[in-house]
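Down below is the structure, laid out as structure tokens.
None of the values given here were measured: they were computed from a predicted structure.
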Amino acid sequence: GGAQAVTMRAVADDVGVSTTVVYGFFSDKAALVAQAVDGDLKRFARHLKQAVDEATSPANALHRVAQAYVAFGLAHPQSYRVMFMEPRPPSAVEDSSIEFGNPSEDAYALARALVEGLLAGELASADEDTIEMAAQMFWEMVHGITSLRISSGDDPWFHRLPVVEHAERMVRVFIAGLLQDVGAPTTAK
């Protein structure tokens, strides 16, 4: 039933303890769900970081991370759904075991750092709003590819490129459009 179906009582019943014991470990449902998802989020972040470690340039890092992102989601669709496709109760940053803003644990922070690195290599300086906007666009782009492939597979109603080629082209278009939008040369490789 996903995160929405989780209740403190159901967890207590499944584990064979009282709800008081569960509340002793987790202040509320949001904290419990956040902790449950953290393992997958850390595994996801390590997978993306591994792709970055093999990159030859900031643009190449974005290409590699996009491919790794999509590959992870398609290889682990249930985990991906819980992490990014299904509503979860909002939880405080403190409820997570992930270090907020640490690119080795926080996948979004990694994507943001890569976009910042790309822009730093192409511009004298990029303001925080531009970096954040570009990071969100990159994240939403790879999430869109991944979630649509998970939810609709190879839908016969329209032709799709093979997923690797699709992600590659999307990143090329994203980088070219971003650099044009911020007034940088579009020669990044």
Side-chain angles (χ1 to χ4, degrees), residues 2-4 37-88 98 102-123 126 129-189:
Q4 295 301 310
V37 174
D38 279 0
D40 285 336
L41 288 169
K42 285 180 179 179
R43 188 165 47 119
F44 178 60
R46 283 192 303 272
H47 181 75
L48 299 184
K49 179 76 171 85
Q50 190 174 22
V52 171
D53 290 344
E54 300 168 4
T56 58
S57 70
N60 182 253
L62 284 171
H63 283 279
R64 287 177 173 276
V65 163
Q67 294 294 343
Y69 186 113
V70 174
F72 184 93
L74 296 181
H76 308 284
Q78 292 302 80
S79 293
Y80 190 86
R81 278 187 180 97
V82 173
M83 290 187 308
F84 301 121
M85 293 175 67
E86 130 178 352
R88 291 184 304 205
I98 295 170
N102 177 349
S104 66
E105 292 187 359
D106 179 344
Y108 180 77
L110 175 66
R112 189 183 189 290
L114 295 176
V115 168
E116 186 173 15
L118 174 75
L119 291 174
E122 299 293 327
L123 301 170
D129 288 344
T130 299
I131 293 166
E132 188 63 31
M133 173 272 310
Q136 288 177 21
M137 289 174 66
F138 176 77
W139 189 267
E140 291 163 357
M141 173 188 70
V142 291
H143 169 70
I145 294 169
T146 307
S147 62
L148 283 172
R149 295 293 172 126
I150 289 171
S151 66
S152 64
D154 292 324
D155 189 328
W157 285 91
F158 64 97
H159 173 72
R160 278 195 178 136
L161 294 171
V163 70
V164 171
E165 184 181 351
H166 187 167
E168 184 65 26
R169 285 185 178 192
M170 293 273 300
V171 174
R172 269 199 324 262
V173 169
F174 167 77
I175 291 172
L178 174 63
L179 295 179
Q180 181 179 2
D181 186 56
V182 298
T186 58
T187 59
K189 296 276 185 238

With a 4.5 Å heavy-atom cut-off, do Val82 and Asp40 have their side chains touching?
no
Could you check whether Lys42 pairs with Asp38 (Lys NZ or Arg NE/NH1/NH2 to Asp/Glu carboxylate O, under 4.0 Å)?
no
Return the orientation label for the Tyr69 and Phe84 ring planes: parallel under 30°, perpendicular over 60°, tilted otherwise.
parallel
State which residues pass ring pair (Phe, Tyr, Trp, His ring centres under 6.0 Å) with Phe138; sequence neighbours excluded, sorted by chain then number.
Phe174
Leu179 and Leu119: side-chain contact (heavy atoms from CB on, under 4.5 Å), yes or no, with the steps?
CA-CA 8 Å; Leu179 295 179; Leu119 291 174; 4.1 Å; yes
Evaluate side-chain contact (heavy atoms from CB on, under 4.5 Å) for Phe72 paired with Met83, printing each intermediate quantity in order.
CA-CA 12 Å; Phe72 184 93; Met83 290 187 308; 3.6 Å; yes
Short side-chain to backbone donor-acceptor contact, [X] and [Y], under 3.5 Å:
X	Y	value
Asp181	Gly177	no
Ser152	Leu148	yes
His166	Ile145	no
Gln67	Val164	yes
Arg112	Ala107	no

Can you establish whether the number of heavy atoms outside Gln136 located under 6.0 Å from its atom CD is more than 12?
yes
